[in-house]
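Shown next, in structure tokens, is the structure this report addresses.
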Amino acid sequence: MLSYSVAIRTLATSSYLKEELEALCNQYISPQKIIVYLPEDTLSPDFKIADEQYIHVKKGMMHQRLLPYSDISSDCILMLDDDVDLQSDSVEKLLKAMEDNNADLVAADTFQNHNLTFASKIKAVITNLVFPHFSKKWAFKIHKNGSFSYINKPSENYYPSQSCAGNAMLWKTDSYRKLNMQDELWLDFLPFAFQDDMLESYKVYKNGLKLGVVFNSGIQHLDSKSASESFKKSTDYIKNRTIAQLAIWWRTCYNPGNSGFLSRLFAASAFSFKMTWLFFVLLSYSIVKLDFSYCSNFLKGLSDGWKFVHSKSFRSLPPYVVK
């Protein structure tokens with residue numbers, strides 16, 4: 001079976017990190033290495049569980065994930081956040097799915113959108129145009145407006161996918177390196193790396209490689225919220241989320257580097273409809289709350305996002321579809 005090493009990104013504040021390392025020690029197939037990547041201004045934890053290495057790198061969700069991994073020579077890299085729970089056979093299931101399907105990236109379905117309550121599914125539709133789909137071809141699909149849809153009733157344990165959750169991803173090392181993932185570090189220059197999962201994983205599909213999602217891995221998201229909690233409580237949350245939405249849509253759906261005029265026109269129309277829809281959702285919420293800062297922050301986000309995608313630094317990025 002393919003060999004693997006583990007790369008964990010953490011702020012060293014998660015109460016689950018120790019349990020995660022213990023779970024990695026108990027895997028039926030042991031990793032060759034476990035490396036924990038910490039921000040450069042952070043102290044290493046005061047425990048050692050699995051002979052893991054602690055390496056300090058530049059702080060940021062992307063900078064702590066999209067590394068060259070020159071210190072890893074395994075066939076695969078299991079990239080984890082610091083708040084997931086693994087069963088003893090979880091990595092074995094991911095490796096088997098990768099081998100059986102000749103996949104370049106295999107991820108665990110940790111958010112289980114298909115198991116959301118009806119009310120939660122309706123909320124996702126209203127607030128971000130995220131829908132269930134009934135196709136048996138894909139686990140997740142990315143649409144021209146930048147939103148995703150998810151399989152409503154998976155009946156198999158593995159499905160091909162166009163994107164995936166980013167907290168438990170098993171990459172083939174060679175495939176990861178082919179995609180020049182360091183080109184996507186730009187997202188860290190925004191106030192928060194919103195939708196980083198999509199930016200990373202959709203690049204696999206857009207470049208013609210194979211991505212799949214495993215539904216029976218036994219990997220669960222424990223949700224420490226160490227990075228996202230302060231972002232969501234920020235008064236600029238809506239503005240910053242809108243900037244990221246526009247920038248990621250622009251790079252992945254509107255101008256990935258291989259799209260023609262008609263494709264861009266369709267993507268622009270779809271995204272314009274989505275932004276108009278979200279504006280009226282926020283307007284309704286503002287009327288109920290008697291607080292119109294939601295709308296003003298949304299419009300400011302669109303304005304700042306437009307400026308960002310036309311900045312010299314953004315326009316000089318290499319194409320999303322690797323040449």
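Checked by atom type and distance alone, the side chain of S311 pairs as donor or acceptor with a backbone atom of F308 at under 3.5 Å. Formation of a donor-acceptor pair under 3.5 Å by the E40 side chain with backbone atoms of H56 is not found in this model. With K210 contributing its side chain and N101 its backbone, the two residues share a donor-acceptor pair below 3.5 Å. In terms of modelled atom types and a separation under 3.5 Å, the side chain of T242 and the main chain of L302 share no donor-acceptor contact. A distance-only check finds a donor-acceptor pair linking the side chain of S316 to the backbone of S313 [under 3.5 Å].
With a 4.5 Å cut-off on side-chain heavy atoms, L278 and F298 count as touching. Contact check for D82 versus Y16: no side-chain heavy atoms found under the 4.5 Å cut-off. Residues L190 and N240 have side chains not in contact (no heavy-atom distance under 4.5 Å, counting atoms from C-beta outward). Annotation: side chain of V6 is in contact with side chain of P31 (closest heavy-atom distance under 4.5 Å). Counting only heavy atoms from C-beta outward, the side chains of Y320 and D183 never approach each other to under 4.5 Å. Looking at heavy atoms from C-beta onward, D197 lies in side-chain contact with F111 at the 4.5 angstrom threshold. Side-chain contact between L17 and P45 is present, with at least one heavy-atom pair separated by less than 4.5 Å. Residues S155 and K136 have side chains in contact (heavy-atom distance under 4.5 Å, counting atoms from C-beta outward).
Electrostatic pairing of R9 and D196 counts as a salt bridge here, judged by a charged N lying under 4.0 Å from a carboxylate O. One finds no salt bridge joining K33 and D71 here, because no Lys/Arg side-chain nitrogen approaches an Asp/Glu carboxylate oxygen to under 4.0 Å. The residues K203 and E184 are annotated as salt-bridged, a charged nitrogen and a carboxylate oxygen being separated by less than 4.0 angstrom. A salt bridge does not link D174 to K178: none of the charged side-chain nitrogens sits closer than 4.0 Å to a carboxylate oxygen.
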Problem set entry | Criterion ring-ring contact (aromatic ring centres under 6.0 Å, His included) on Y69 and Y176, from CA distance to verdict | CA-CA 10 Å; Y69 297 113; Y176 171 82; 5.6 Å; yes

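Between H143 and S149, the side chains place a donor N or O and an acceptor N or O closer than 3.5 Å (distance only, hydrogens not considered). Between the side chains of K172 and N102, at least one donor N or O lies within less than 3.5 Å of an accepting N or O. One side chain, N167 or T110, offers a donor N or O that lies under 3.5 Å from an acceptor on the other. For K274 and S147, the side-chain atoms include at least one donor-acceptor pair closer than 3.5 Å. Inspection of the K144 and S263 side chains reveals an N or O donor paired with an N or O acceptor under 3.5 Å. For the residue pair S120 / T117, a side-chain donor-acceptor distance below 3.5 Å is found, with atom types taken as modelled. S3 and D75 share a side-chain donor-acceptor pair at under 3.5 Å.
Minimum interatomic distance between A107 and A165 (heavy atoms only, all atoms of both residues): CB-O, 4.0 Å. When every heavy atom of S14 is checked against every heavy atom of D83, the shortest pair comes out as OG-CB, 4.2 Å. Between S90 and Q27 the shortest heavy-atom distance is N-OE1, 3.5 Å. In terms of heavy atoms, M62 sits closest to A193 at CG-CB, 4.2 Å. Considering all non-hydrogen atoms of both residues, G166 and R65 come closest at O-NH1, 2.8 Å.
Crowding of K48 atom NZ: a count of heavy atoms from other residues, nucleotides or ligands under 6.0 Å exceeding 12.
Residues satisfying the side-chain contact (heavy atoms from CB on, under 4.5 Å) test with K121, not counting sequence neighbours, are L116, Y150, N152.
Between H114 and F215, the ring centre distance stays below 6.0 Å. Ring centroid separation for the pair W138 and Y159 does not come in under the 6.0 Å cut-off.
Ring geometry for Y205 versus Y202: interplanar angle under 30°, hence parallel rather than tilted (30 to 60°).
The hydrophobic cluster around F261 extends to L262, L265, counting ILVMFWY residues whose side-chain heavy atoms fall within less than 4.5 Å of a member.
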